[in-house]
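This chain uses plain numbering: 1 for the first residue, then up along the sequence.
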Amino acid sequence: MSYQVLARKWRPRNFSTLVGQEHVVRALTHALSEQRLHHAYLFTGTRGVGKTTIARILAKSLNCESGITATPCGTCSACQEIDGGRFVDLLEVDAATNTRVDEMRQLLENALYAPTRGRFKVYVIDEVHMLSNSAFNAMLKTLEEPPEHVKFILATTDPQKIPVTVLSRCLQFNLKQMPALAISKHLAHILEAEGVSHDAPALALIARSAAGSMRDALSLLDQAIAHGAGKVEEGQVRAMLGTVDQDYLFAILEALGAGDASAMLAVAADLGARSLSFAAALQELATLLTRIQIAQCVPATLDDEEPERERLLALAAAFSPEFVQLAYQIAVIGRSELPAAPDEYAGFVMTLLRLHAFRPSSVADVVAASRQRSAPTPTPPASVAVQPQTTPPPPAAAPSAGDEHDWSAIIAALPLTGLGRTLAQHCELRRLDDTECLLRLAPAHTHLQMKPAPERLQQALSEHFGRPLRLRFELAANETATPAATADRARQERQARAEAAIERDGFVRDAIESLDASVVEASIKPIA
């Protein structure tokens, strides 16, 4: 006996064995049970999600010799002939090869005749969007008022191309893509029934590669069985698909959390040695970051049977949600920039180093410090150093600099411009001694620490005082007004005085009263 591919052998024969389209099954089951039958059905969805399969099951439900039912017997001659593709009253038409109006007219002329064997004459038109406009126009009248013995089942992957006049005459069902977990469970069921040894990670790989299509998953499973000589194992499946091992991606993020750039580059070198696609690696990395974010924000959606559940939860706890968002953006942008890179390896390495440059020590710690300040029990503010440190920074000393140094005067004497001056103006001087300058920065202004502003401020201070100074920041609410806040308050006071002077001016008051005019406050500018 010749071998039958899994996609055909395991095609569902009834609604109870259909996987992943429960919303469609529920609606059709109720309609069949209550004999509320529409004359035209439209099934939409991507390839391999069950459009034609549901059409055949529906045809059996309509023509089963036991009567119209949601559970066709599968044993009567009508059911067996439909399963075997021999039922004379089931006409399956491929619209991609029958697009002309003449072919549609001939098809519709035959619809007038009563069914030969069954209860209904069922027309299944696949890829119906491929019909010409003339063909659509030819079928409109019959589609609107078909004979009692005719049922139309239309299927398409592109419903946007179907005329609205046709859509309005059909009962439409949108078939969704299969979840990867549902696909892997179904594949496991099939392999157990077939007596083929397998492991869960291999099936997870196939399910992800199928991109929501059960038919594609079964075709890949056939290929995996042949590639593995009757076994479906992760290593062989990964080699067959040429996909990036998830261990590489987890290793990158675990090294990122540890601040180990050398380990991240070692993973890049290993990927290059195996000639794996760096674009695919960044795509998979973005997918992994998405799963981590979901685990952080909606942990209840993480399935208990998820093979990598523990590693996902560990990374979800290691990174802040804000940093995961940033890392996702870096991975996506890095992938889009690969064509412009000197080569893919260089582009991939630079993306990893970009992740390292914005690692949690410069993002998550800021968020953690903010959360600690809002906790009931006060905790010391976090500190962020400009220079990399191998040991924790010393605790901040009690404020002592505000009576000894005028921070506004110091800033005025510094040759700073741009972001460096803006950073200095939003800081509060906490301590200034022979070796170190400690500044306090409000959490709302942490973005001002973007390089190279802190380095320029540190260099300007060292040159101004004639000695090397180490610059440190503590993140906390300011206790005294910063130079920026003082300047802003002074601007507001000048503006208020200018507006009051205009309101008191006699000429202005006479103009308002005599001409029914009004003052445009935005146009008032103080002159001193």
Side-chain angles (χ1 to χ4, degrees), residues 1-22 25 45-54 56-57 60 74-75 79-80 82-85 175-250 274-277 280 284 287-288 291 302-312:
M1 183 177 179
S2 60
Y3 175 74
Q4 190 176 22
V5 298
L6 295 176
R8 294 186 60 191
K9 182 177 180 180
W10 287 90
R11 168 172 273 175
R13 308 294 183 187
N14 50 58
F15 288 127
S16 63
T17 57
L18 196 68
V19 178
Q21 306 298 344
E22 291 79 8
V25 171
T46 58
R47 71 197 187 285
V49 293
K51 299 185 296 295
T52 306
T53 296
I54 293 179
R56 291 180 179 176
I57 297 174
K60 286 197 296 183
T75 57
C79 288
Q80 290 182 348
I82 291 175
D83 285 336
L175 277 66
K176 59 188 179 183
Q177 290 184 313
M178 307 277 186
L181 190 58
I183 292 178
S184 59
K185 286 183 178 179
H186 188 59
L187 297 185
H189 168 70
I190 291 174
L191 291 179
E192 289 169 4
E194 293 284 330
V196 177
S197 64
H198 60 281
D199 55 39
L203 300 186
L205 282 174
I206 294 175
R208 281 199 296 266
S209 298
S213 170
M214 185 64 77
R215 185 176 62 231
D216 287 4
L218 291 172
S219 298
L220 288 172
L221 185 60
D222 257 326
Q223 184 180 351
I225 293 173
H227 187 273
K231 298 180 180 180
V232 181
E233 298 175 345
E234 181 183 9
Q236 295 169 335
V237 170
R238 195 175 296 282
M240 177 191 80
L241 298 174
T243 55
V244 178
D245 193 329
Q246 290 287 303
D247 284 340
Y248 287 117
L249 307 177
F250 278 104
R274 294 187 56 193
S275 300
L276 294 175
S277 168
E284 290 294 323
T287 301
L288 177 56
R291 295 164 65 196
L302 193 61
D303 197 282
D304 291 337
E305 298 181 16
E306 167 69 50
E308 294 148 345
R309 175 183 173 85
E310 296 304 322
R311 300 183 78 176
L312 280 173

Nearest 0.5 Å, what's the [atom1]-[atom2] distance between [X] and [Y]?
{"X": "Leu175", "Y": "Ile54", "atom1": "CG", "atom2": "CD1", "result": "4.0 Å"}
{"X": "Leu18", "Y": "Arg13", "atom1": "CG", "atom2": "CZ", "result": "12.5 Å"}
{"X": "Ser184", "Y": "Arg208", "atom1": "OG", "atom2": "CZ", "result": "9.5 Å"}

Problem - Single hit among Met178, Lys51, Gln177 for side-chain contact (heavy atoms from CB on, under 4.5 Å) with Thr46 - result: Gln177
Counting C-beta onward and ignoring hydrogens, is there a side-chain heavy-atom pair between [X] and [Y] closer than 4.5 Å?
{"X": "Leu312", "Y": "Leu288", "value": "yes"}
{"X": "Asp247", "Y": "Arg311", "value": "yes"}
{"X": "Thr287", "Y": "Leu249", "value": "no"}
{"X": "Trp10", "Y": "Met214", "value": "no"}

N/O donor-acceptor pairs under 3.5 Å from side chains in residues 218-225, not counting sequence neighbours:
| unit_1 | atom_1 | unit_2 | atom_2 | d |
| --- | --- | --- | --- | --- |
| Ser219 | OG | Arg215 | O | 3.1 |
| Asp222 | OD1 | Tyr3 | OH | 2.5 |
| Asp222 | OD2 | Leu6 | N | 3.0 |

Exercise for the section: State which residues pass salt bridge (charged side-chain N to carboxylate O under 4.0 Å, His left out) with Lys9; sequence neighbours excluded, sorted by chain then number. Expected result: Glu194
Problem - Listed partners of Lys60 passing salt bridge (charged side-chain N to carboxylate O under 4.0 Å, His left out), at least two apart - result: Asp83
Would you say [X]'s side chain and [Y]'s backbone share a donor-acceptor pair under 3.5 angstrom?
{"X": "Asn14", "Y": "Thr17", "answer": "yes"}
{"X": "Ser213", "Y": "Ala210", "answer": "no"}
{"X": "Gln21", "Y": "Lys176", "answer": "yes"}

